[in-house]
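Working notes, beginning with the structure itself.
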Amino acid sequence: MTGSEANGKPVARERLTSEQAIQGATGRDWATWIAVLDAWGAVGREHGEITGWLAEEHRVQRWWAQTITVEYERERGLREPGENRDSARAISASRTVGVSVDELFGAFTDPAVRALWLPGAVLREQASVPGRSVRFDWTDGSTRVNVGFLVRGDHKSQVALIHERLPDIETAATLKIYWRDRLDDLKYLLES
C-alpha cells in the first residue's frame, strides 16, 4: 500500500504489484523507483518516454518498465486505477504456478495448450522473449495483452499480464474477472 494526500491526510491505496515482486524483479523497492523517477523529472514526461528510459538507462525488462511507469503515474495522480494517461483503460492479473517458467511460457505461446485454458480467445503473437515476455494483439487488434514471466523457484514461476487499450471501465471490469478466472484455469491445468 502507499499513500496519497486527501484533505491533508494520507490515503492508503493498494499497488497493482507487490513490494516483494518489484524488488525481486528489479532489485529496487517502490520508494526507490518513485524517487528515481522524481529525480529524473518523470512527472512532465510521456508514458512511453518513461518506460523507454527505464528499459534503456536502468536495464529494466519492458514489462516491468511498464509496471513501474503505471504505478508511478498512479502515485503522482497522473492516472486513476485502471486508466491510461490517454484515457484508455487497462487491467492486470497475475498467478504463481507450480511449474517451470518455460512450461508456463509455453502455455501462452503454444496455441494447442492455450486453447485448453483460454478457449475461444483470439490472440495474435506480436513479439516475445522466450521465458521472459510475450505480447499479443487481442481479437480484432484494438486491445493488447502484455505478459511477463518470472522464475520463483525450481518448479515455481509467476505470470503477470496487462490487458491494455480497453474502450471503457465496464469492459475493464469484465476482463479483470475474465483474466482472473482464466489464470485460475491455467494454474489448475498445469499443476494437475
Side-chain angles (χ1 to χ4, degrees), residues 14-18 21 25 46-52 54-55 60-74 78-150 157-192:
E14 188 136 347
R15 292 204 186 276
L16 298 174
T17 304
S18 73
E46 294 295 319
H47 180 88
E49 184 180 4
I50 299 169
T51 58
L54 288 168
V60 175
Q61 249 185 17
R62 287 279 177 183
W63 190 89
W64 287 103
Q66 172 78 5
T67 300
I68 293 165
T69 302
V70 167
E71 283 295 343
Y72 179 79
E73 290 169 342
R74 289 179 71 207
L78 303 171
R79 145 195 325 247
E80 291 299 316
E83 179 181 27
N84 289 333
R85 287 171 73 176
D86 63 2
S87 298
R89 309 282 171 193
I91 59 94
S92 64
S94 67
R95 284 294 173 282
T96 299
V97 184
V99 298
S100 71
V101 76
D102 290 333
E103 189 174 350
L104 186 56
F105 179 81
F108 276 83
T109 57
D110 182 329
V113 176
R114 190 171 61 229
L116 297 174
W117 64 273
L118 198 62
V122 178
L123 290 173
R124 283 182 296 286
E125 189 174 324
Q126 296 301 314
S128 69
V129 178
R132 296 185 71 184
S133 64
V134 61
R135 186 178 75 229
F136 299 97
D137 282 342
W138 174 262
T139 312
D140 66 357
S142 64
T143 67
R144 183 182 305 155
V145 179
N146 296 305
V147 188
F149 304 89
L150 283 175
S157 52
Q158 181 181 16
V159 58
L161 67 84
I162 297 175
H163 194 151
E164 61 185 8
R165 298 182 181 172
L166 304 176
D168 51 52
I169 290 175
E170 294 78 20
T171 302
T174 299
L175 283 169
K176 180 79 171 173
I177 295 166
Y178 172 84
W179 280 113
R180 197 175 299 152
D181 291 347
R182 296 295 64 77
L183 292 181
D184 285 344
D185 288 351
L186 170 65
K187 181 178 174 72
Y188 178 79
L189 173 72
L190 294 179
E191 291 181 347
S192 295

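Side-chain atoms are counted along with the backbone in the values below, which use heavy atoms only and exclude waters and symmetry mates.
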Open item on the list: Quick one: does any side-chain atom of Ser157 pair with a main-chain N or O of Val99 as donor and acceptor, under 3.5 Å?
Closed with: yes
Could you measure the distance from the [atom1] atom of [X] to the [atom2] atom of [Y]? Nearest 0.5 Å is fine.
X	Y	atom1	atom2	answer
Trp117	Leu190	CH2	CG	9.0 Å
Trp179	Ser94	CH2	OG	13.0 Å
Thr69	Leu54	OG1	CG	4.5 Å
Ser133	Leu150	OG	CG	10.5 Å
Leu175	Arg182	CG	CZ	11.0 Å
Leu104	Thr109	CG	OG1	10.0 Å

Task: Qualifying residue for side-chain contact (heavy atoms from CB on, under 4.5 Å) with Ser92, from Lys176, His163, Glu164, Gln66 - done: Lys176
Task: Partner of Tyr178 under side-chain contact (heavy atoms from CB on, under 4.5 Å), chosen from Thr171, Leu118, Ile91 - done: Leu118
Open item on the list: Could you walk me through whether Val70 and His47 satisfy the side chain to side chain contact (heavy atoms under 4.5 Å, CB included) test, starting with their C-alpha distance in whole Å, then the side-chain angles of each, then the deciding distance to 0.1 Å, before giving a yes or no?
Closed with: CA-CA 8 Å; Val70 167; His47 180 88; 3.9 Å; yes
Open item on the list: For Phe149 and Phe105, take the angle between the two ring planes, folded into 0 to 90°, and tell me which bin it lands in: parallel under 30, tilted 30 to 60, perpendicular over 60.
Closed with: perpendicular
Do you know the tightest heavy-atom contact between [X] and [Y]?
X	Y	result
Leu183	Ala93	CD1-CB, 3.7 Å
Ala107	Val113	CA-CG1, 3.6 Å
Ala55	Ala65	N-CB, 4.3 Å
Ala90	Ile162	CB-CG2, 4.2 Å

Open item on the list: I'd like to check Val122 versus Trp138 (side-chain heavy atoms, cut-off strictly below 4.5 Å). Are they in contact?
Closed with: no
TODO: Not counting sequence neighbours, which residues clear salt bridge (charged side-chain N to carboxylate O under 4.0 Å, His left out) with Arg95? List them please.
DONE: Asp184
Task: salt bridge (charged side-chain N to carboxylate O under 4.0 Å, His left out) partners of residues 125-140, not counting sequence neighbours, each pair once - done: none
- [ ] Using the side chain to side chain contact (heavy atoms under 4.5 Å, CB included) rule, take Tyr188 and Asp185 through it: C-alpha gap first, then chi angles, then the decisive distance, then the call.
- [x] CA-CA 5 Å; Tyr188 178 79; Asp185 288 351; 5.7 Å; no
